[in-house]
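Each chain gets a letter, A, B and so on, in the order its sequence line appears, and its residues count up from 1. Because the structure is a prediction, the values reported are computed rather than measured.
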Protein chains: 2
Amino acid sequence: MHTSKRVLFLDLVLSILRLNGLLIAEGDAMTEKLDLTHARWKVIGAIALSTNGLTVPGIARVLGQSRQAVQRITDVMVEDEILEYRANPKHKRSVLVTLSEEGKEVYINLRDVQDPWAINVTEDIPAEELETALRLVRRLIKKFN
Amino acid sequence: MHTSKRVLFLDLVLSILRLNGLLIAEGDAMTEKLDLTHARWKVIGAIALSTNGLTVPGIARVLGQSRQAVQRITDVMVEDEILEYRANPKHKRSVLVTLSEEGKEVYINLRDVQDPWAINVTEDIPAEELETALRLVRRLIKKFN
DNA sequence: AATCGAATGACAACATAATGCCAAAATAAA
DNA sequence: TTTATTTTGGCATTATGTTGTCATTCGATT
């Protein structure tokens, strides 16, 4: 049966919205014992994946959120000594957000629960399918940037 | 270059979080003139795609959200006469949420902006890729249900 | 029919995020 | 350099969503 691309795409959009909600629930359940919330582990994940450090608006762009929302979270995480603000050589006002020593430990603990989860979930999914999906998702992201 | 499935998957997860944010921004920009917010068009979309009507918790399941959040939105949308609560033959307390006459018009307007957008975005993307991605996303949704 | 567990509605408290606004700084363009 | 545009920080307001709790209803099991 032939389904039009339009319907296919709208279905994909709704499914991604749904998967987003489920992923957040998964993450929250997974990080419950680490005293993390999704707002927090999303920020930690974004920073950990970056190579040269990220500014607050940079994190917001990676996460597809408003910079104000990210700023709020990073401020309290700096207070909690999970994150640190460091001078940004490329920008006087916009500081870089980095993991503190404690934050790095948190990240290690995060990976300790995240990795087995990722391995388990993808157990029966070929890498090729993941790659194809990732390529498409990135392609869409580019369009909307 | 070979990337492990684990990293691939975690990358996909972050990308989906990001795409989610961008899709919401796209939708909000698109529906600005329709006086809709993403919380609202998500509900309208879910109802419109259902065949036999949906209850509030049903909508929440489709959207991957809490039923309380959906209830809050549907309550104000009923006040605004976009939605209607109808008796549910299968459940005494859990009513069905349907589009009112005005709501149907809103949905028509929604499709008027949504369809060209969907067609435009998928212009250079083969249907097969969309199908593959949709299959994977649904597969993941099933895992997390 | 009686009972038990799951689903639902209702409400409150809280967390997260978006929006709007303005000033300062950075970047790009002239 | 000067000007214009964009980015950023900060702040307040509002919107959205989650979590927790309790009573009611539904559905399944016995």
For R86(A), I'd like to know if atom CZ has over 12 heavy atoms of other residues, nucleotides or ligands within 6.0 Å. no
Shortest non-hydrogen pair, R111(A) vs P116(A), comes out as O-CD, 3.9 Å
Is there a side-chain contact between L140(A) and I125(B) in this structure, where contact means two heavy atoms from C-beta onward sitting under 4.5 Å apart?
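Touching, per the 4.5 Å side-chain cut-off.
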Expressed as a whole number of angstroms, how long is the span from R72(A):CZ to dA18(C):P?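 It works out to 11 Å between those atoms.
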### Query
W41(A) CH2 to dT16(C) C1': how many Å, rounded?
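So the CH2-C1' distance, W41(A) to dT16(C), works out to 13 Å.
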With the criterion being N/O to N/O and under 3.5 Å, what pairs connect the protein with nucleotides 9-12 of chain C, and how long is each?
| residue | atom | partner | partner atom | Å |
| --- | --- | --- | --- | --- |
| dG9(C) | OP1 | S94(B) | OG | 2.8 |
| dG9(C) | O4' | R93(B) | NH2 | 3.2 |
| dG9(C) | N7 | R67(B) | NH1 | 2.5 |
| dG9(C) | O6 | R67(B) | NH2 | 3.2 |

Which part of the nucleic acid, if any, lies within reach of R61(B) when heavy atoms closer than 4.0 Å are counted: base, sugar-phosphate only, or nothing?
sugar-phosphate
- Query: Is L96(A) linked to Y107(A) within one hydrophobic cluster, defined over Ile, Leu, Val, Met, Phe, Trp and Tyr using a side-chain heavy-atom separation of less than 4.5 Å?
  - Reply: no
Between V7(A) and L12(A), is there a shared hydrophobic cluster once you connect ILVMFWY residues whose side-chain heavy atoms come closer than 4.5 Å?
->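 No; tracing contacts between hydrophobic side chains, which count when under 4.5 Å, never links both residues.
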F9(B) and W117(A) aromatic ring geometry - parallel, tilted or perpendicular at 30°/60° bounds: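 It falls in the tilted class, 30° to 60°.
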Counted 5' to 3', the first and last nucleotides of DNA chain D within 4.0 Å (strictly under) of a heavy-atom of chain A are dT8(D) to dC11(D)
Any donor and acceptor pair, going by atom type alone, linking the side chain of D28(A) with main-chain N or O of H38(A) inside 3.5 Å?
yes
So CD of E26(B) and CG of L19(B): to nearest 0.5 Å the spacing works out to 9.5 Å
Q. Hey, which of these two, H38(A) or K92(A), hits DNA chain C nearer its 5' end, going by closest nucleotide?
A.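 Its nearest nucleotide being more 5', the pick is H38(A).
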ask   = Toward the 5' end of DNA chain D, which comes first, H91(B) or I73(B), by nearest nucleotide?
value =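 The answer here is I73(B).
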